[in-house]
Amino acid sequence: MKLKPLHDWVLLRVEKEEKTPAGIIIPDTVKERPREGVVIAVGPGYYEEQRDDNAAEKGQTRFVATEVKIGQRVIYEPWAANEITLDGEELILVRERNILGVKEG
């Protein structure tokens with residue numbers, strides 16, 4: 001099954017580490033929620049209402065396109081993540097505005 005996110009939602013695949021670099025196994029009870037994932041699908045963007053009191057177009061909307069791309073590794077705010085299961089795989093849905101940055105290199 002495929003899932004196409006709407007608006008500015010981004011679908012992420014998270015590789016959960018089961019061990020520390022030293023080889024210690026981390027039990028589920030103490031694991032932190034993941035904060036890094038790979039983008040596997042993105043919504044097209046969203047419409048934003050103009051709010052500037054001095055703007056001639058006050059009250060009109062403009063389209064804001066999504067900036068992240070499929071395949072990018074991103075860091076996101078863990079409290080904003082929505083965990084879903086799709087075809088037996090655990091995935092994360094997060095709004096683009098809750099993505100803190102894109103890892104490069």
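Quantities reported herein were computed from a predicted structural model and do not represent experimental measurements.
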Seminar exercise, completed: For H7 and T66 the tightest heavy-atom approach is O-OG1, 3.9 Å

For this session: Kindly give the heavy-atom pair with the smallest separation between P44 and P5, and that separation in Å.
Result: CD-O, 4.0 Å

Problem set entry | For E67 against Q72, the heavy-atom pair lying closest together | O-OE1, 4.5 Å

Problem set entry | Nearest atoms (heavy-atom pairs only) where A65 meets E96 | O-OE1, 4.3 Å

Exercise. Residues sharing F63's hydrophobic cluster, by side-chain heavy-atom contacts under 4.5 Å among ILVMFWY, directly or via others?
Worked result: Y47

Problem set entry | Residues which pass side chain to side chain donor-acceptor pair (under 3.5 Å) with K4, listed by chain and number, not counting sequence neighbours | none

Problem set entry | Check: I84 and I92 side chains under 4.5 Å, non-hydrogen atoms | no

Problem set entry | Listed partners of K69 passing salt bridge (Lys or Arg N to Asp or Glu O under 4.0 Å), at least two apart | none

Exercise. Applying the 4.5 Å side-chain criterion to the ILVMFWY set and letting contacts propagate, would V42 and V14 be lumped into a single cluster?
Worked result: yes

Exercise. Shortest non-hydrogen contact from L91 to R13?
Worked result: CD2-CA, 4.0 Å

Exercise. At their closest point, which heavy atom of G37 faces which heavy atom of Y76, and how far apart are they?
Worked result: N-CE2, 4.1 Å

For this session: Begin from the C-alpha positions of Y46 and L6 and carry the test side-chain contact (heavy atoms from CB on, under 4.5 Å) through to its verdict.
Result: CA-CA 9 Å; Y46 65 99; L6 300 175; over 6 Å; no

Problem set entry | Side-chain touch N82/W9, heavy atoms, less than 4.5 angstrom | yes

Problem set entry | Partner set under salt bridge (Lys or Arg N to Asp or Glu O under 4.0 Å) for E104, not counting sequence neighbours | none

For this session: Not counting sequence neighbours, which residues clear side chain to side chain contact (heavy atoms under 4.5 Å, CB included) with I75? List them please.
Result: E36, L100, K103

Problem set entry | Heavy-atom side-chain proximity of V38 to L12 below 4.5 angstrom | no

Exercise. Any side-chain heavy-atom pair from V102 and V68 closer than 4.5 angstrom?
Worked result: yes

Seminar exercise, completed: With sequence neighbours left out, the residues meeting side chain to side chain donor-acceptor pair (under 3.5 Å) with R97 are D8

Exercise. Yes or no on side-chain contact (heavy atoms from CB on, under 4.5 Å) for L93 and V10, after CA distance, side-chain angles and deciding distance?
Worked result: CA-CA 6 Å; L93 269 171; V10 178; over 6 Å; no

